[in-house]
Each structure stands twice: as C-alpha cells, then as structure tokens.
There are 2 protein chains.
Amino acid sequence: MASNAVMEETLQILKDHKLRVTPQRHIILAYLVSHHNHPTVEIIRDALGKELPNMGASTIYNTLNTFVDHHLVVELQNGDGSTHYDYFGTPHYHAICTNCGRIVDVTYPGFSDTEKGLEEKTAEISGYMISGNHMEVYGLCPECQIKLGIKNNE
Amino acid sequence: MASNAVMEETLQILKDHKLRVTPQRHIILAYLVSHHNHPTVEIIRDALGKELPNMGASTIYNTLNTFVDHHLVVELQNGDGSTHYDYFGTPHYHAICTNCGRIVDVTYPGFSDTEKGLEEKTAEISGYMISGNHMEVYGLCPECQIKLGIKNNE
DNA sequence: TAATAGATGAGAACCATTCCAATGTAATGA
DNA sequence: TCATTACATTGGAATGGTTCTCATCTATTA
C-alpha cells in the first residue's frame, strides 16, 4: 500500500492532467510511482487485488493507455511477450537484459543534453516536429554474466 | 525483384553469418536490403507472393527472428499493432510519426559517438555488458503537420 | 550420392490486448 | 445537496499478431 505522501502526490498529478479521479486510476498511479519494478498488467492486477478485487483487466489497460497518452508512463518491451510500464517522473532510460529480461533505470548528468541533441538533430534532418524519444540499451545484466560464466575483460 | 548485385550481396551475408541458404531466406533478405519501407510480415508476404506463392507466414516470422538474432535486422513498433522490420546495414535510428505511424531512417555525422557514449555510460552505471541499443524519436511527420494544420514556429 | 540436421508450410493454438454493452460514478452547476 | 451527464469501469467476447506443432522437404557434408 502506498504512503499518504504518495497518495497526495498522485492525486495532484491526476488533477494537474485534468484526469477524472477514480479509485482505480489513483491506486494504479500510486503503485507505479512507488514501485520501480516495471510491472506488467498482470503484476499490477495481482499487487492491487487486495485493495480492489474486482478491478477488471480492461480498466488497467485503459488506465495505463491514458497515462501513456499523458506522458506520465512509458511502455517497455523486454521480449517476454507482454508490455511493461514505468512511471516517468524523472528523465531516464532503460537497460534491458537480453537473457532474463531484467529492466533497470539509468541516468547520468548530461543525459538530458544527449537527449536534446538527438531531438534537435532529428528535427533538423527529418522535418518532424519532435515530441519525445525512447532510448534503450541492451546487454547482459551482472547476474546473467555470472550465471552464463562470462568473463568481463576490463 | 532485387538486382543481381543485391542477390550476390545477400548471399554473401547469409554465408558470413553461417546461415543455411534457402530461397526463402535469400529473397526475404534481398527484399529488406533493397527496400527501406520498414515492412510488416504481411507486406513482405504480399511483395514476395509472386516469386514464392506458397511461402508460409511462419517461415517469414522464423526468418525475420533469425535475422534479428543475428543483428541483421531490427524490429520496430509504430503503434499499428504489428511489428515492422528494418535491415540494419549502416548505423541509424528512427523517427516515428505519432499520428500516421510513418517511420524514417535518420543518421548524422557524430551519431555513432552519441551511441558509443550512451553505451559506455550505461555499462559504467548499470554493470551490464552492453551488446546494443535502440533509439527512437517521436513526433509529427511533415505531412501530418500540414494535415493537422499545425504551425511550425521557427 | 547418402545421410542428417535443419528449414519449410499449413493450420491450430496461444494469449495479450481491444472491443462492446450495460452499469456505475465523479464532476458540474443549479 | 441533488440531479444531470459525460465519462469510467466491468466482464466477457472478439480480435489478430505471433508462436507452436509436426509432417514433409532440402541444403549441407562427408
């Protein structure tokens, strides 16, 4: 269960985006804000089952799609066949393990300059009016490197 | 139909990757090498129907997945529900229209430095052993800007 | 040329996601 | 506060892209 602070914060986020505040939206957003586990719809359903047992899968899909439209949340694919969701409160990107699918958030000072540079170059070259970007980096997570007996040569 | 030069080039690519050379693989790769239309399985099937009328959808999926595993081809989602494929001969990334789904290839001098920088930072921060990345930029393509009557303020 | 590991093809199966229609409810304003 | 209404939620059915199965075929090799 999310803290009071998170509940207040997420309530405000919904209002700021002029989204009708329903218990379902509130609790789903609070879950995403307070967890960085990049959940699927199924994981969210299981996690919130105690608080809203009758919440339909369609509602979760609808809600997440709404959040994505409002750029509150981003969708991620890690190769397991279902979509993962991540609250996008602060700019970051994702490293995805090609072996186990683990997703971790990454950022560093100067990342936003990299982003900005990419977007400006893209606008210049393609003529697109840019609204956003996605960056992902693939590789083996530390656990899988060990599991697969791979030597890191540095 | 792909040119002789493309057929020779793609034959060599298959051999270099130690992939068994079948007519299906050869023609699909040749199609991808000579078209930059980011096709779906259905589009490929239609385009090659005259040359190999009995080619099954499973074969196209199998073939493309094999190419993806060998990093010859990348998968793209533009929001229309199906996967698009792109031969990845030279480093580039994609700009995707959020209105009509149009995908265009983009690159610029210095892009590979941006990529390299991102990968190095990611390895350093996450401990992942990096094998690749994907960058995408979203926005409205020039046609949709006009269609939607959007003024470009620059 | 024979042996065989691997590829193909047709259709069934899968399953994440969307659609639909009925019901419920949050926001608005009188 | 209450009535109105536009929007959200539900649950189940439908959708459709992708994978699976397995019998058949074939590219490679020795």
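Sequence lines set the chain letters: A, B, ... in the order given, protein chains first and strands last, and positions in each chain run from 1.
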Checklist entry - Looking only at side-chain N and O atoms, does B/Q24 come under 4.0 Å of OP1 or OP2 in D/dT26? => result no

Next on the checklist: Quick check for you: among C/dA16, D/dA27, D/dT10, whose closest atom lies nearest to any side-chain atom of A/T59?
Outcome noted: D/dT10

Next on the checklist: Nearest to the side chain of A/M55, heavy atoms from C-beta on, is which of D/dT10, C/dT18, D/dA27?
Outcome noted: D/dT10

Checklist entry - According to a strict under-4.0 Å criterion, is A/T22 in side-chain N/O contact with OP1 or OP2 of D/dT9? => result yes

Checklist entry - Distance check: side-chain N/O of A/N62 vs OP1/OP2 of D/dC7, anything under 4.0 Å? => result no

Next on the checklist: Under 4.0 Å from OP1 or OP2 of D/dA8: is there any side-chain N or O of A/R25 that close?
Outcome noted: yes

Item to check | Nucleotide nearest A/N54 (side chain, heavy atoms from C-beta), chosen from D/dT18, D/dT9, D/dG11 | outcome: D/dG11

Item to check | Closest listed nucleotide, where the reference is the side chain of A/P23 and the choices are C/dA26, C/dA7, D/dT19 | outcome: C/dA26

Checklist entry - Can you check whether A/Y61 has a side-chain N or O nearer than 4.0 Å to OP1 or OP2 of C/dT17? => result yes

Checklist entry - Across the strands shown, which category fits B/T83 at heavy-atom distances under 4.0 angstrom: base, sugar-phosphate, nothing? => result sugar-phosphate

Item to check | Geometric class of the A/Y93/A/Y108 ring pair [parallel <30°, tilted 30-60°, perpendicular >60°] | outcome: perpendicular

Next on the checklist: It should be established whether A/N65 places a side-chain nitrogen or oxygen under 4.0 Å from OP1 or OP2 of nucleotide C/dT18.
Outcome noted: yes

Item to check | Nearest-neighbour nucleotide for the A/S58 side chain, D/dT18, C/dA27, D/dG12 considered | outcome: D/dG12

